[in-house]
Trainee: 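Just dropping this structure here.
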Amino acid sequence: MGLLNSKKPITFIIPMPSPLSKSAIHKILTGLNNRQKEAVCHTEGPVLIIAGAGSGKTRTLTRRLAYILSQNLVVGDKRALAITFTNKAAEEMEKRVTILLKDAGISPNQAPFIGTFHSFGAKILHSAADIVGRSRNYSIYDEEDALALIKRIMKELEIGGEKVTPAAIRHEISRLKNEIIEPSVYAAETSTPFEKAAAAIYARYEELLKEHNAFDFDDLIEKPVRIFRSSPAILARFQEEYPYVLVDEYQDTNVSQYQLIKLLAGGHQNICVVGDDAQSIYRWRGADFRNFLNFDRDWKDTKVVKLEQNYRSSKNILKAADGVISKNVLQKKKKLWTQNEGGSPVFVVETANEHEEARFVAGRAAELMSERGLNPKDIAVFYRTNAQARSLEEAFLEANIPYRIVGGVKFYERREIKDVLAYLRLCVNPDDRVSLERIINVPPRGISKERLRRLDYNLSVIPSLEELLDKLKTLAEITPATELIFHLVKAIDYQKYLEKEYLNADDRWENLMELLSLARGFDERLEPPRGLRAFLESVHLMQETDHATSEHRRLLMARNSETDAVSLMTIHCAKGLEFEVVFVAGCEEGLLPHARSLLDAEELEEERRLAYVAITRAKKELYLCFSRQRLLFGSREPAIPSQFIYDVPPEVTEFVAANKYDDEVDEDEEYIEY
DNA sequence: CACCGTCTTATTTTT
DNA sequence: TAAGACGGTG
Ligand SMILES: Nc1ncnc2c1ncn2[C@@H]1O[C@H](COP(=O)(O)OP(=O)(O)OP(=O)(O)O)[C@@H](O)[C@H]1O
């Protein structure tokens with residue numbers, strides 16, 4: 001996201017210099033209340049917008065960005081910076097700002113950088129990777145790559161055991177990077193055997209990443225912070241380049257992100273953050289909403305703006321949300337009111353098992369569409385874990401209702417995609433041994449990973465591969481990515497490999513074709529070696545299933561708006577979105593407060609915030625569903641309703657017993673006891 | 001070194 | 001359930 005619009009102000013070209021007409025500014029400010037306007041126009045100095053769900057935080061931030069651009073505050077080769085939480089949100093903001101400016105008849109001097117922390121970090125590393133011992137051809141390791149590297153190190157160091165699993169180590173390393181603790185510092189303060197093991201692995205891991213000319217995901221933020229700290233000149237350059245900084249969803253920033261912002265905006269102090277501590281749901285990833293609540297301690301003379309009017313939801317939905325969130329101790333209480341009508345009651349739905357639940361959801365969705373004329377895209381179904389998607393998906397298929405699963409298995413994480421990408425990465429970055437290990441036997445070449453390691457990655461025993469890689473490297477310099485992929489796929493006879501290896505070879509081949517069409521977009525804009533590089537980087541930063549980088553926004557936007565479908569996603573994925581009707585599936589103990597959170601009070605509070613986020617996505621109608629039984633990794637387990645359901649004030653709920661589907665509702669059920 | 005069967009163990013959540 | 005780890009065989 002945003003990575004490419006650095007070279008591509010295209011999105012924002014409106015052929016006309018911009019005299020600042022009053023009406024233009026008026027246009028940018030219409031549809032805002034006074035508090036919101038205040039936040040938009042207070043462009044200089046630190047601003048904190050703290051507000052509950054649906055109060056227009058994102059809208060305000062978007063307008064603020066448009067306003068800053070319209071004021072000609074960003075001139076020369078400077079740019080405004082807007083950090084969003086997901087690529088999807090960046091896409092949305094870019095779209096909105098473009099429209100706002102276009103309507104106001106303004107053409108900004110420079111396109112803003114709108115993207116996630118990670119894409120911004122990658123951008124910094126683009127010009128400063130050498131400070132941390134990488135070249136600009138660096139690879140970005142995803143979770144799987146990082147894990148592969150850790151496994152290798154554990155074998156090498158002969159570390160392992162009961163608690164010392166690769167996943168646990170990975171998590172620990174991630175935590176350390178998020179908190180900007182380097183290996184030596186960590187090593188000095190370890191006590192438990194696990195920590196000692198982690199310290200040794202961490203040190204080696206960093207060493208190897210560097211050797212491989214690679215960064216993992218956490219590095220994309222942690223390393224820039226290190227660079228900023230160690231090189232004032234580079235920091236100054238970036239401070240100057242980005243004189244205005246805006247951050248959305250600030251409550252979910254971790255230490256390294258917080259530090260990055262602190263450094264970046266530390267000079268000019270033109271920093272505006274928005275957030276809601278009640279919606280902080282990424283603690284497990286190192287986020288700490290105290291960063292957010294302490295904002296005005298870190299920044300002198302912060303202007304604090306509180307928004308209290310909710311424009312999204314009905315009164316009943318807000319009451320439900322308030323009932324749930326008010327039980328949290330660790331929070332800043334906020335007022336939230338709405339002029340919207342009371343609306344439908346919040347439906348609490350009981351079903352026999354997850355299939356019945358799914359059938360109920362699909363059935364009701366169909367009704368809403370046929371009887372009330374809702375579009376599929378106005379409806380969303382949320383769940384706590386990805387595993388729950390399956391039964392829902394089956395029901396939607398059966399009912400023949402268009403749906404789409406947002407998130408889930410990411411496009412670029414598919415095997416076939418990763419295989420090809422590994423080859424491509426090797427072309428750009430020959431030191432990338434994780435990629436080499438990955439493709440050494442794709443297709444089978446009779447050399448195991450172990451053997452490759454013993455050979456110290458010397459490929460002379462497989463001249464054919466060596467030749468192929470050399471050829472590809474040469475080609476990469478002069479031919480577009482698309483052609484390179486073509487050549488590769490042919491050379492290794494990948495289609496045949498897929499057919500041999502997988503039952504769904506056709507689907508996988510299709511995915512590859514999709515990858516090709518993604519690559520084509522880059523080829524069209526950039527000359528050979530750069531097109532491939534940009535393509536690789538963007539594909540690794542792009543985490544969503546069906547969203548792409550700015551290169552393909554137009555293409556995908558067209559596709560997305562055509563697919564009018566019910567959205568199925570995890571609650572985490574739903575953050576920041578809104579729908580007319582929301583179903584929350586699996587509101588059960590052990591699932592919505594997830595079993596793993598029950599032991600720890602703070603974790604439980606996070607689950608509650610998760611429930612709050614889910615509830616507050618709904619505009620008009622909300623269904624909280626629970627089943628009596630659920631299939632839990634293999635076996636059928638009895639389930640009881642989520643404690644959060646009991647926190648919804650009874651006067652706004654209506655109980656629906658849907659366990660005997662097609663039958664009439666059982667009004668006499670003992671709903672309060674469940 | 002590849003293949004196969006068996007066993008295990010994990011399932012939050014994502015950039 | 002279902003993917004991965006492990007161990008034994010050819
Ligand atoms: N002043 C306003 N007048 C009318 N509608 C508004 C106003 N401000 C915001 N809205 C609408 O309210 C809804 C919520 O806005 P927005 O998504 O910006 O809120 P938010 O605070 O970011 O929400 P959340 O934190 O829950 O994601 C949107 O549909 C937006 O268009």
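Predicted model only: the values in this text are computed from it and were never measured. Within every chain, numbering begins at 1; the chains are lettered A, B, ... in the order of the sequence lines, protein sequences first and strands thereafter.
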Trainee: So which nucleotide from dA2(B), dT15(B), dG4(C) ends up closest to the side chain of Arg285(A)?
Mentor: dT15(B)

Trainee: At 4.0 Å (heavy atoms only), tell me whether Glu606(A) reaches a base, stays on the sugar-phosphate, or touches nothing.
Mentor: nothing

Trainee: Nearest of dC1(B), dT14(B), dA2(C) to any side-chain atom of Arg390(A)?
Mentor: dA2(C)

Trainee: Give the nucleotide from the list dT1(C), dT13(B), dT11(B) with an atom nearest to the side chain of His594(A).
Mentor: dT11(B)

Trainee: Calculate the interatomic distance between Leu592(A) atom CG and dT11(B) atom C1'; express it in whole Å.
Mentor: 16 Å

Trainee: Tell me whether the side-chain N/O atoms of Asn386(A) come closer than 4.0 Å to OP1 or OP2 in dT14(B).
Mentor: yes

Trainee: Starting the side chain at C-beta, find the nucleotide from dT14(B), dC1(B), dT15(B) nearest to Arg451(A).
Mentor: dC1(B)

Trainee: Look at Thr86(A) and dT14(B) and indicate whether a side-chain polar atom (N or O) is within less than 4.0 Å of OP1 or OP2.
Mentor: no

Trainee: With the threshold set at 4.0 Å, does a side-chain nitrogen-carboxylate oxygen contact exist between Glu92(A) and Arg96(A)?
Mentor: yes

Trainee: Answer with yes or no whether the side chains of Asp216(A) and Tyr205(A) bring together a donor and an acceptor at under 3.5 Å.
Mentor: yes

Trainee: What does Lys151(A) touch in the nucleic acid at a heavy-atom separation under 4.0 angstrom: a base, only the sugar-phosphate, or nothing?
Mentor: sugar-phosphate

Trainee: Can you tell me which nucleotide in dT15(B), dT1(C), dT14(B) comes closest to the side chain of Thr116(A)?
Mentor: dT15(B)

Trainee: Looking only at side-chain atoms of Glu143(A), point me to the closest of dT14(B), dT15(B), dG4(C).
Mentor: dT15(B)

Trainee: Regarding Asp277(A) and Arg290(A), does a basic nitrogen lie under 4.0 Å from an acidic carboxylate oxygen?
Mentor: no

Trainee: If we require ring centres under 5.5 Å and near-parallel planes under 30°, does Phe217(A) stack on dT15(B)?
Mentor: no

Trainee: Can a side-chain donor-acceptor contact be found between Asp218(A) and Ser174(A) if the only test is distance below 3.5 angstrom?
Mentor: yes

